[in-house]
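See structure below.
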There are 2 protein chains.
Amino acid sequence: MDETVEVLKKLGFRDYEARVYATLAMKGEATASEIHRMSGVPRNKVYEVLRSLEDKGMVETVKSSPAVFRAIDPESVLEEYKEQLVSAVDTAIRSIKESEDFSLLHPVWCVRGVAGIKNRAKAMLQKSEEVFVITANRAYLDMILKIKNPEEITVVTDDVKKFSGLNIKTLELKEEFSGIFNDAVIDGVRYSFELLLISGYESFGVYRVGNELLGVSISLPLIILFQKMIFLGLLAK
Amino acid sequence: MDETVEVLKKLGFRDYEARVYATLAMKGEATASEIHRMSGVPRNKVYEVLRSLEDKGMVETVKSSPAVFRAIDPESVLEEYKEQLVSAVDTAIRSIKESEDFSLLHPVWCVRGVAGIKNRAKAMLQKSEEVFVITANRAYLDMILKIKNPEEITVVTDDVKKFSGLNIKTLELKEEFSGIFNDAVIDGVRYSFELLLISGYESFGVYRVGNELLGVSISLPLIILFQKMIFLGLLAK
DNA sequence: TCCATTGTTACTACGAGGGTAACAACAAAA
DNA sequence: TTTTGTTGTTACCCTCGTAGTAACAATGGA
């Protein structure tokens, strides 16, 4: 019940609407008072909410005394609702694409917060072929593997044992460079290196600054140089 | 542009959010002032909205002077958003089904408004086999044909010529009964018959009362009787 | 130096949604 | 018949999020 309400709210239902509709959909049919008791929505508000749900085509009524209400086939109504949302998204994507007007594209970008970093990384991984992953943290690799095939990945890390059994190319850093994974504290703020993705001309690094995650994307020929550096300098046999 | 904004709002974006995001997605990247000029959102609000979009993982920044903003791959972000909505709907349907507890089912139900009538009719048509359609209006039949096959439909009407060329069984009402399609005015309110669906034990009628559409669903053995009546009395050879 | 732009903060106005109280209409029970 | 409880409706308050406006320090180029 509570879960249903939460999900409905995610779909744009108001609190009262979600509670009334969930109750009605589960019980099949009910009077206003029953809905009030089961959902906790104030009794007088129930009528108001039911009218609104009726306008949206989700509830039908029998005008008796007391009036009885019923959710119109929840499955088909919600499916229809889903279709509308899907087509809305598709319309949005299409109309954005139509009027796209990319001018100069800045080669350096910062992304704040987890959500943005995930999106950014996903977008980069999807359009890239081969990718280098530099990290000391296995968790990041597991996320990457949801998007890319193992054979497209090369992992560079401090200890290859962490990534064994994955059928992935792994390279180990020389000892003198493995310190890049250690925390640094500057002016009381803790900085740590989390992850670096490199593909083609693009790199995307994730760092922890204090309590926040920061993503930095750099698209420059420089990247190729960095790749070479990795091979020439940082790696142990 | 305007269309994009409208669609985004349907997906839960606020007005300012939609306008800023649409602008940014179309232009690729822009400064706050450019966004302000193109979207009409107050310049100082642009910063606020951009931060909110950043938190949602849809915008990235380069901290220069002036700062430049960019929409993170709109297609993949919106696709992801769509997936979330779809899975939310599926969860809702599942958890409603799990806790369904249908008790006595009332045999008479009223549905107000176009949306509800559509949903109701759709639900009925989907679970029915053969169906009788009584109407004088071709438009309703076209909608029904989106859901049901022609061979499952029998149309009863005042003038079979309206429904020619559709490969559907048609029956014509005797002249003395064809008046049921005419408007009636009672106490200044206009009543008219629009559509009647009959299948098995269930009937669903649509009427116009004043300016509103009213749907009435009746699930009673009586319905079979009505069907017989149609055959015995109302029809012309 | 001056002036335009940038980024920030504070504040007002408004409406939607949540929440409470009260009341007439009605129906069943005493 | 009166009483009592329920039903459906109306009116109101409060809060919060969003739209919209004003003002100001910081920045940076001319």
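Per chain, numbering begins at 1; letters A, B, ... match sequence-line order.
- The separation between A:E48 atom CD and C:dG18 atom P is 9 Å, rounded to whole Å.
- Between the side chains of A:T61 and A:E54, at least one donor-acceptor pair of N or O atoms lies under 3.5 Å.
- The aromatic rings of A:F13 and A:Y21 sit tilted, their planes meeting at an angle between 30° and 60°.
- Side-chain atoms of A:T31 come within 3.5 Å of backbone atoms of A:E34 as a donor-acceptor pair (strictly under, hydrogens ignored).
- No salt bridge links B:K146 with B:D142; every basic N to acidic carboxylate O contact stays at or beyond 4.0 Å.
- A residue-by-residue look at B:K45 and B:S33 shows that B:S33 has its nearest nucleotide of DNA chain C further toward the 5' end.
- Salt bridge absent: A:R51 and A:D55 never bring a charged side-chain N and a carboxylate O closer than 4.0 Å.
- Contacts with DNA chain D (heavy atom under 4.0 Å) in residues 5-21 of chain A: none are found.
- Near-neighbour residues of DNA chain D inside residues 37-44 of chain B, defined by a heavy atom below 4.0 Å, number-ordered: B:P42, B:N44.
- The existence of a salt bridge linking A:K9 and A:E17 is excluded, since no basic side-chain nitrogen approaches an acidic carboxylate oxygen closer than 4.0 Å.
- At whole-Å resolution of the value, NE2 in B:H36 and P in D:dA22 are 13 Å apart.
- A salt bridge links A:K82 with B:D90: the closest approach of a Lys/Arg side-chain nitrogen to an acidic carboxylate oxygen falls below 4.0 angstrom.
- The nearest whole Å value for the distance from the CG atom in A:L50 to the P atom in D:dT9 is 11 Å.
- Considering B:I117, B:I198, B:L196 as possible partners of B:F204, the one that fulfils the side chain to side chain contact (heavy atoms under 4.5 Å, CB included) test is B:I117.
- Side-chain nitrogen and oxygen atoms of A:Y47 include none within less than 4.0 Å of the OP1 or OP2 phosphate oxygen of D:dT9.
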